[in-house]
Every structure is written in C-alpha cells, then in structure tokens.
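All remarks here apply to the structure that follows.
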Amino acid sequence: MAERVEQEEIFSQVLRAGRRTYFFDVRATKADDYYLTVTESKKFTHDDGTFHYQKHKIYLYKEDFTDFHEMLKKATDYIINEKGDEVISERHQKDFKKEETKTVTEETVSPESFTDISFDDI
C-alpha cells in the first residue's frame with residue numbers, strides 16, 4: 001500500500017504555544033480545490049537530552065467550514081464566559097517549574113514544630 005503524498009501547500013500559518021506548535025495549512029486537492037489541515041506538534045524531551053515530536057492532524061474540508069467555525073466559536077465562547085480569559089493552570093506558564101512535593105514523615109516533623117496547649121488554656 002503506497003503512502004499518501006501530501007498535496008501542495010498553498011498558504012500556511014504557525015502558532016507557537018509553549019511546547020506545542022499549531023500549523024494551519026491550506027492545501028490543494030487533485031481536483032484543485034482547497035482544504036485545511038490543522039497540525040498540533042508537541043515536543044517531548046528524553047532524559048538523555050534527545051527529543052521527538054508527536055503530531056496530530058485534522059483535515060477540514062470546505063463543506064464543513066461553517067459548522068466547524070460555529071461549533072468552535074460556541075465552545076470557546078462558553079469557556080471564556082464560564083472561566084474568563086485568564087489562564088488558570090500554572091503548567092501552561094512559560095516559566096512553570098514543577099515543584100517537588102515533600103511527604104510528611106517523622107523526620108520532617110519534629111516535636112518542636114507543635115504548639116504546647118494545656119486544657120486549662122481552653
């Protein structure tokens with residue numbers, strides 16, 4: 001089975017968003033009509049410093065543009081109306097660094113860290 005060869009790229013836009021990059025590419029069909037591909041490319045770094053990209057692609061054809069645009073607008077409007085446009089998740093900030101979580105053990109909690117309360121004080 002022969003691999004499908006990508007059609008000629010007519011127009012392209014790139015959106016860089018942290019570890020993700022989105023590509024919006026207009027391509028031509030064999031019949032010389034246009035369609036849109038949206039590709040999400042996400043960079044993953046291995047422990048040894050090497051990296052690879054994971055890609056997900058959708059194809060959007062003209063007959064679906066109106067409905068797709070309408071559904072995308074409804075979904076994004078819903079999110080903005082419900083949560084505002086401020087990014088809540090720290091993980092999406094460019095300077096986010098995962099903090100190491102410490103577990104509470106006998107070694108990290110000493111008797112001196114407790115307050116001595118007498119029942120007579122209550």
Side-chain angles (χ1 to χ4, degrees):
M1 188 168 160
E3 284 188 38
R4 184 177 186 278
V5 177
E6 283 292 331
Q7 299 298 317
E8 179 185 353
E9 188 176 295
I10 307 299
F11 176 83
S12 186
Q13 294 286 288
V14 177
L15 171 62
R16 299 194 194 297
R19 288 184 356 185
R20 291 181 172 88
T21 302
Y22 299 98
F23 299 91
F24 299 85
D25 299 311
V26 175
R27 299 183 185 277
T29 65
K30 290 179 183 178
D32 202 32
D33 201 1
Y34 291 168
Y35 65 98
L36 174 67
T37 63
V38 180
T39 307
E40 175 201 41
S41 178
K42 189 173 178 183
K43 185 177 183 178
F44 290 90
T45 306
H46 302 285
D47 292 337
D48 65 0
T50 62
F51 58 89
H52 75 278
Y53 292 94
Q54 187 177 60
K55 294 182 181 183
H56 297 95
K57 186 177 284 200
I58 63 168
Y59 294 83
L60 189 60
Y61 299 94
K62 287 192 312 188
E63 61 266 24
D64 301 321
F65 284 1
T66 301
D67 290 338
F68 187 90
H69 184 267
E70 182 180 318
M71 293 298 150
L72 180 63
K73 180 157 178 38
K74 282 182 183 179
T76 55
D77 285 351
Y78 177 82
I79 292 169
I80 300 300
N81 289 335
E82 291 294 314
K83 297 295 183 179
D85 34 359
E86 178 184 350
V87 176
I88 296 171
S89 173
E90 293 177 349
R91 291 176 183 260
H92 292 91
Q93 303 299 326
K94 289 182 179 181
D95 58 348
F96 174 76
K97 289 190 172 110
K98 186 174 180 180
E99 292 183 21
E100 292 185 30
T101 56
K102 294 182 180 178
T103 58
V104 178
T105 64
E106 291 179 25
E107 296 169 6
T108 58
V109 178
S110 66
E112 294 83 26
S113 64
F114 292 103
T115 305
D116 191 18
I117 297 177
S118 167
F119 284 108
D120 294 336
D121 296 337
I122 299 179

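Only heavy atoms go into these numbers, but all of them, side chains included; no hydrogens, no water, no symmetry mates. All of these numbers come straight from a predicted model, not from anything done at the bench.
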**Message:** Between Asn81 and Asp77 (side chain of the first, backbone of the second, donor and acceptor by atom type, cut-off under 3.5 Å), is there such a pair?
**Reply:**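 Yes, Asn81 side chain to Asp77 backbone: donor-acceptor pair under 3.5 Å.
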**Asked** Can you check whether His46's main-chain N or O pairs, donor with acceptor, with Thr50's side chain at less than 3.5 Å?
**Response**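 It does not hold such a pair.
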Which atom names give the shortest non-hydrogen contact between [X] and [Y], and what distance separates them?
{"X": "Val14", "Y": "Phe23", "answer": "CG2-CD2, 3.7 Å"}
{"X": "Lys57", "Y": "Thr39", "answer": "CE-OG1, 3.1 Å"}
{"X": "Ala17", "Y": "Tyr22", "answer": "CB-CE1, 4.1 Å"}
{"X": "Phe44", "Y": "Arg19", "answer": "CE2-NH2, 3.9 Å"}

**Request:** Any chance you could lay out the side chain to side chain contact (heavy atoms under 4.5 Å, CB included) test for Val38 and Phe68, step after step, and finish with the verdict?
**Result:** CA-CA 13 Å; Val38 180; Phe68 187 90; 5.9 Å; no
Between [atom1] on residue [X] and [atom2] on residue [Y], distance to nearest 0.5 Å:
{"X": "Leu60", "Y": "Asp67", "atom1": "CG", "atom2": "CG", "result": "10.0 Å"}
{"X": "Leu36", "Y": "Phe11", "atom1": "CG", "atom2": "CZ", "result": "10.0 Å"}
{"X": "Gln54", "Y": "Lys42", "atom1": "CD", "atom2": "NZ", "result": "7.0 Å"}
{"X": "Met71", "Y": "Asp64", "atom1": "CE", "atom2": "CG", "result": "11.5 Å"}
{"X": "Thr66", "Y": "His69", "atom1": "OG1", "atom2": "NE2", "result": "9.0 Å"}
{"X": "Glu40", "Y": "Thr21", "atom1": "CD", "atom2": "OG1", "result": "9.5 Å"}

**Item:** OH (Tyr34) with more than 12 external heavy atoms under 6.0 Å
**Value:**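 No, because the 6.0 Å sphere around OH of Tyr34 holds 12 heavy atoms or fewer from other groups.
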**Request:** Can you establish whether the number of heavy atoms outside Asp48 located under 6.0 Å from its atom CG is more than 12?
**Result:**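 More than 12 within 6.0 Å, yes.
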**Prompt:** In terms of the angle between their ring planes, are Tyr53 and Phe51 parallel, tilted or perpendicular, with boundaries placed at 30° and 60°?
**Reply:**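 Because their plane-to-plane angle is over 60°, the rings of Tyr53 and Phe51 count as perpendicular.
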**Request:** Using the rule that two of Ile, Leu, Val, Met, Phe, Trp, Tyr join whenever any of their side-chain heavy atoms come within less than 4.5 Å, decide whether Leu72 and Tyr78 are in one cluster.
**Result:**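 In one cluster: no.
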